**Q** 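Sharing a structure below in structure tokens format, with a few things to ask.
Here the structure is a predicted model, which means the values were calculated and not measured. Below, all heavy atoms of this structure are taken into account, side chains as well, without hydrogens, waters or symmetry copies. Residues: numbered from 1 along the sequence shown.
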Amino acid sequence: MVSIAIVVIFAYLLGIIVFLLDIIYIIIDPRIRLGNQEQIKIKIKFRKTRKKVRYKNIPSINYKKKTGFASNPFHSTVKKTRKKFKEFWHEIIKYPSAIFGFSIILLLIVGSITALVAYPYRDAGQDWYKSSMTGQPQTPRLAKPIWFNLFRKENLPITITFNTSEDDCDKEILRHLDKNDEIIITCEFNYPYAEIPQDIHIYYTVDYDDKNPFTEITWITPSEDEIYLNSVAVASRETYRFSENISLRKLLILNKNWNDWFIQSGQEGTSPLWALFAQPDSSEQKIQKGIYQIRINTLFFEEDNNLDAEIIIFGHVYGLAGTDFMRRDLMFPLLWGMPFVIFFGLFGSILTTVLALIVSALGVWYGGWVDALIQRITEANMILPILAISILIHVIYQVDMLIIIGGVILMNVFGTPTKTFRSAFLQVKESLYIEAAQVYGASNWQLITRYMIPRILPVIVPQLVMLIPGFIFLEATFGMFNIKSNYPTWGRIIYEALKNGAAFGSRFWALEPLFLLMLTGFAFTMLGSALDKVLNPKLKK
């Protein structure tokens with residue numbers, strides 16, 4: 001009830017402010033003055049008595065060059081367009097803000113193309129929303145981006161992978177007289193990091209008939225201490241987790257100085273992996289750096305059996321964007337958010353601009369009750385909390401996000417763009433060339449589309465570019481309010497990060513899409529501001 005009361009009070013206050021601003025706008029703006037009624041009647045009478053004069057077919061003039069050949073109108077148009085584009089480009093590159101904004105937008109386009117090529121559109125949403133926490137994960141959970149190590153004195157551990165089928169480890173096959181074969185797999189790696197890994201998994205691929213082979217795993221430290229882990233009988237596609245198979249009690253008895261820092265139970269208990277990486281003679285929690293070995297002894301009870309293993313040491317950094325709580329690579333949704341940003345931003349801004357142009361031009365040209373009705377609808381629409389209404393409609397009727405965004409676009413037509421274009425059209429309407437076009441018989445639609453709208457292009461283009469960030473943030477806001485779409489977007493990533501405790505895991509899960517959102521909005525705003533200065537003759541000085 002309190003939140004509803006606050007929204008209602010805010011709506012009333014906003015309505016009163018808009019009403020007062022409208023009155024001040026009428027008083028101050030010299031274009032909206034009530035003129036003499038006699039002058040208005042004379043003007044109307046003059047317009048009624050005018051005769052419409054139609055253009056006649058005038059033969060085209062045959063221009064010739066010195067060579068005697070007639071000039072091609074298409075080539076001359078292309079040359080003029082190219083010349084104007086060069087002049088415009090020389091003007092725009094004078095502004096560093098325009099270069100920065102254009103560079104960011106170009107990167108967004110490249111990222112969108114990469115996403116569409118690397119990750120097919122048909123399978124993108126399905127692949128993202130499938131849970132990857134079951135089975136045999138290949139990536140760490142809540143990992144930071146790999147470039148995070150550039151800002152640290154000591155690097156965080158990366159993910160290390162070994163696969164015996166690809167000859168990453170030494171594999172020795174022993175044939176015994178009792179027909180029981182034995183395979184010894186030895187994997188060696190350097191560990192120079194100051195933190196232990198998240199976990200270590202072994203994924204077995206076993207070829208046997210009836211009897212499961214028996215494996216014994218030995219962990220060898222840089223000080224050549226051998227730690228025997230639990231021995232188990234393995235089956236094909238089975239996972240062996242080190243954190244679940246370490247005999248802590250025996251290791252703590254052998255290393256009594258660890259009791260000063262090792263916490264065996266509780267929510268803040270020490271990870272069992274510390275027993276594999278800790279310095280044996282230290283009473284402090286320090287990692288023993290150097291060369292480690294993992295040795296897997298497998299004993300078979302049948303002939304012609306085989307075993308391969310994939311060993312993954314999960315680190316704390318992964319890829320260019322890190323991972324989320326479901327071990328998914330965040331580079332995928334960050335790239336796929338780019339085409340959504342471009343689509344919603346451009347589609348929303350172009351459609352809003354075109355409709356607002358037509359509506360404001362009709363209101364200014366016809367005036368009277370048409371203009372008054374459009375202005376009253378605009379003022380009433382500017383008071384409404386569009387975002388809150390959209391979310392309520394989605395919650396009650398479960399409407400798709402695309403339909404909601406389409407409705408928001410239509411509601412934004414009667415908003416700030418209409419007010420901005422109306423003020424420009426009021427100046428254009430009183431121009432002499434409009435009177436001349438009427439004398440020559442131009443229709444109302446021709447006057448609006450061919451004479452009025454092209455004259456306010458310096459206002460249209462910057463307004464269109466600066467509308468894009470609003471729709472980008474709108475789509476992200478819908479995602480943050482759990483309005484689902486079939487594909488991952490930046491807003492959806494932020495929602496999942498905040499919901500699943502990104503603040504206590506990898507903060508980059510939420511910070512990366514937030515940074516991209518702000519950077520994209522900043523780029524379009526700076527480009528729009530530079531275009532406004534270049535195209536608007538009043539701001540060139």
**Q** So how far is it from Phe300 CZ to Asp181 CG, rounded to the nearest 0.5 Å?
**A**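 One finds 7.5 Å between CZ of Phe300 and CG of Asp181.
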**Q** Hey, are the side chains of His316 and Lys144 touching, using non-hydrogen atoms and a 4.5 Å cut-off?
**A**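 With C-beta onward as the side chain, the pair stays apart.
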**Q** Side chains of Thr215 and Tyr204: closer than 4.5 Å at any heavy-atom pair?
**A**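 Yes, their side chains come closer than 4.5 Å.
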**Q** Per the disulfide bond (SG atoms under 2.5 Å apart) rule, what does the pair list look like for residues 181-225, sequence neighbours excluded?
**A**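 Matches after skipping sequence neighbours: Cys169-Cys187.
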**Q** Please step through side-chain contact (heavy atoms from CB on, under 4.5 Å) for the pair Ile291 and Ile220, ending with a clear verdict.
**A** CA-CA 9 Å; Ile291 304 298; Ile220 304 172; over 6 Å; no
**Q** Considering non-hydrogen atoms only, spot the tightest contact between Gln138 and Tyr203 and give its length.
**A**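 Minimum heavy-atom separation between Gln138 and Tyr203: NE2-CE1, 3.8 Å.
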**Q** Closer than 3.5 angstrom, by distance alone: can the side chain of Thr352 be matched with the main-chain N or O of Ser349 as a donor-acceptor pair?
**A**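 Here the side-chain-to-backbone pair does not exist.
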**Q** Do you know which two heavy atoms are closest between Ala530 and Tyr95, and how far apart they sit?
**A**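 So the minimum-distance heavy-atom pair works out to CB-CB, 4.1 Å.
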**Q** Below 30° counts as parallel, above 60° as perpendicular, anything between as tilted: where do the rings of Trp274 and Trp261 land?
**A**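 The arrangement is perpendicular - the two ring planes meet at more than 60°.
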**Q** Can you list everything that forms a side-chain contact (heavy atoms from CB on, under 4.5 Å) with Leu519? Sequence neighbours excluded, please.
**A**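 Once residues adjacent in sequence are excluded, the partners of Leu519 under the side-chain contact (heavy atoms from CB on, under 4.5 Å) criterion are Phe100, Ile104, Phe515.
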**Q** Among residues at least two apart in sequence or on other chains, which ones pass salt bridge (charged side-chain N to carboxylate O under 4.0 Å, His left out) with Glu172?
**A**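 Glu172 satisfies salt bridge (charged side-chain N to carboxylate O under 4.0 Å, His left out) with no residue once adjacent residues are dropped.
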**Q** Are any side-chain N or O atoms of Thr270 and backbone N or O atoms of Ile263, one a donor and one an acceptor, separated by less than 3.5 Å?
**A**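 Yes, Thr270 side chain to Ile263 backbone: donor-acceptor pair under 3.5 Å.
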**Q** When you measure from the side chain of Trp490 to the backbone of Leu334, do you find a donor-acceptor pair of N or O atoms at a distance under 3.5 Å?
**A**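 Checking the backbone N and O of Leu334 against the side chain of Trp490, a donor-acceptor pair under 3.5 Å is found.
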**Q** Does any part of the side chain of Ile217, heavy atoms only, come nearer than 4.5 Å to the side chain of Ser231, both counted from C-beta?
**A**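 No, every pair of side-chain atoms sits at 4.5 Å or beyond.
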**Q** For Ser247 and Asn230, which heavy atoms make the closest approach, and how far apart are they?
**A**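 Residues Ser247 and Asn230, closest heavy atoms: OG-OD1, 3.7 Å.
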**Q** Under the 3.5 angstrom rule, does the side chain of Asp168 hit a backbone N or O of Asn163 as a donor-acceptor pair?
**A**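 Flag set: sc Asp168 to bb Asn163 pair under 3.5 Å.
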**Q** Quick check: Phe471 with Phe473 (ring centres under 6.0 Å apart)?
**A**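 So the answer is no for these two rings.
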**Q** Do the rings of Phe189 and Tyr191 sit parallel, tilted or perpendicular, given the 30° and 60° boundaries?
**A**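 Phe189 and Tyr191: perpendicular rings.
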**Q** Report yes if the side chains of Thr161 and Ile311 come closer than 4.5 Å at any heavy-atom pair, otherwise no.
**A**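 No; the side chains remain at least 4.5 Å from each other.
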**Q** Is the CZ atom of Phe522 crowded by more than 12 outside heavy atoms at less than 6.0 Å?
**A**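 No, the 6.0 Å shell around CZ holds no more than 12 heavy atoms from other groups.
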**Q** Kindly write out the residues that satisfy salt bridge (charged side-chain N to carboxylate O under 4.0 Å, His left out) with Asp308, not counting sequence neighbours, or none if the list is empty.
**A**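 If we apply the salt bridge (charged side-chain N to carboxylate O under 4.0 Å, His left out) test to Asp308, skipping adjacent residues, the hits are Lys171.
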**Q** Could you go through the side-chain contact (heavy atoms from CB on, under 4.5 Å) check for Glu496 and Arg328 one step at a time?
**A** CA-CA 12 Å; Glu496 290 183 355; Arg328 298 175 296 191; 3.2 Å; yes
**Q** Atom CZ of residue position Phe347 - does it have more than 12 heavy atoms of other residues, nucleotides or ligands inside 6.0 Å?
**A**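 Incorrect, the count does not exceed 12.
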**Q** Any side-chain heavy atom of Ser165 within less than 4.5 Å of one from Thr205?
**A**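 Contact flag for Ser165/Thr205 side chains = no.
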**Q** For a 4.5 angstrom cut-off between non-hydrogen side-chain atoms, does Thr139 reach Asp329?
**A**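 In short, these two side chains do not touch, never coming nearer than 4.5 Å.
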**Q** Are His201 and Phe314 close enough that their ring centres sit under 6.0 Å apart?
**A**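 Between Phe314 and His201, which both carry aromatic rings, the centre distance is below 6.0 Å.
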**Q** CG of Asp170 to CD1 of Ile185: how many Å apart, nearest 0.5 Å?
**A**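 It is 10.0 Å, given to the nearest 0.5 Å.
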**Q** Give a yes or no answer on whether the side chain of Asn255 reaches the backbone of Asn257 with a donor-acceptor pair at less than 3.5 Å.
**A**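 No; judged by distance alone, with no hydrogens or angles, the pair does not exist.
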**Q** Is a side-chain N or O of Arg152 found less than 3.5 angstrom from the main chain of Glu154, in a donor-acceptor match?
**A**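 Yes, the answer is positive, given that a donor and an acceptor are paired below the 3.5 Å cut-off.
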**Q** Checking Tyr318 now: which residues fulfil ring-ring contact (aromatic ring centres under 6.0 Å, His included) with it, not counting sequence neighbours?
**A**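 Testing Tyr318 for ring-ring contact (aromatic ring centres under 6.0 Å, His included), a comparison that skips the adjacent residues, returns none.
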**Q** To the nearest 0.5 Å, what is the distance between CD1 on Ile468 and CD1 on Ile350?
**A**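 Going from CD1 on Ile468 over to CD1 on Ile350, the span is 7.0 Å.
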**Q** Look up atom CG in Leu467 and atom OG1 in Thr420, then write down how far apart they are to the nearest 0.5 Å.
**A**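 So the gap between those two atoms works out to 8.5 Å.
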**Q** What's the shortest heavy-atom distance between Asp260 and Ser283, and which atoms?
**A**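 Nearest heavy atoms, Asp260 then Ser283: OD2-CB, 3.7 Å.
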**Q** Under 3.5 Å, side chain of Asn305 to main-chain N/O of Phe301, donor-acceptor pair present?
**A**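 Judged by distance alone, no pair lies under 3.5 Å.
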**Q** Just one of Ile294, Ile246, Ile287, Thr221 clears the side-chain contact (heavy atoms from CB on, under 4.5 Å) bar with Leu276, so which one?
**A**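 Single side-chain contact (heavy atoms from CB on, under 4.5 Å) partner of Leu276 among Ile294, Ile246, Ile287, Thr221: Ile246.
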**Q** Under the salt bridge (charged side-chain N to carboxylate O under 4.0 Å, His left out) rule, what pairs show up with a residue in residues 215-227, not counting sequence neighbours?
**A**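 Listed once each, the pairs are Glu226-Arg295.
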**Q** When the ring centroid of Tyr292 is compared with that of Phe277, is the distance short of 6.0 Å?
**A**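 Ring-ring flag for Tyr292/Phe277: true, centres closer than 6.0 Å.
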**Q** Please find out if less than 6.0 Å separates the ring center of Tyr228 from that of Trp219.
**A**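 Between Trp219 and Tyr228, which both carry aromatic rings, the centre distance is not below 6.0 Å.
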**Q** Would you call Gln288 and Pro280 a side-chain contact if the rule is heavy atoms closer than 4.5 Å?
**A**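 Yes; the side chains approach each other to less than 4.5 Å.
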**Q** Might you point out which heavy atoms bring Leu307 and Ile183 nearest each other, and give the distance in Å?
**A**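 Heavy atoms of Leu307 and Ile183 come nearest at N-CD1, 3.9 Å.
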**Q** Report yes or no: does Thr159 contribute a side-chain atom to a donor-acceptor pair with the main-chain N or O of Gly315 at less than 3.5 Å?
**A**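 Yes.
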**Q** Could you please spell out the steps behind the side-chain contact (heavy atoms from CB on, under 4.5 Å) verdict for Ile105 and Leu527?
**A** CA-CA 9 Å; Ile105 295 169; Leu527 181 61; 3.5 Å; yes
**Q** Is there a donor-acceptor pair under 3.5 Å between the side chain of Ser529 and the backbone N or O of Thr525?
**A**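 Looks like no, no N/O pair under 3.5 Å.
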**Q** Are Val317 and Pro145 packed together at the side-chain level, in the sense that at least one heavy-atom pair is separated by less than 4.5 angstrom?
**A**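 No, too far: nothing below the 4.5 Å cut-off.
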**Q** Dump the intermediate steps for side-chain contact (heavy atoms from CB on, under 4.5 Å) on Glu310 and Ile312, then the final yes or no.
**A** CA-CA 7 Å; Glu310 184 181 9; Ile312 299 181; 4.0 Å; yes
**Q** With rounding to the nearest 0.5 angstrom, report the CZ to OG1 distance, Phe340 to Thr489.
**A**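 One finds 7.0 Å between CZ of Phe340 and OG1 of Thr489.
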**Q** Could you tell me the separation between the CG atom of Asn155 and the CG atom of Asn149, rounded to the nearest 0.5 Å?
**A**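 CG of Asn149 is found 4.0 Å from CG of Asn155.
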**Q** Looking only at non-hydrogen atoms, find the nearest pair between Ala235 and Tyr208 and report the distance.
**A**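 Closest heavy-atom pair between Ala235 and Tyr208: CB-OH, 3.8 Å.
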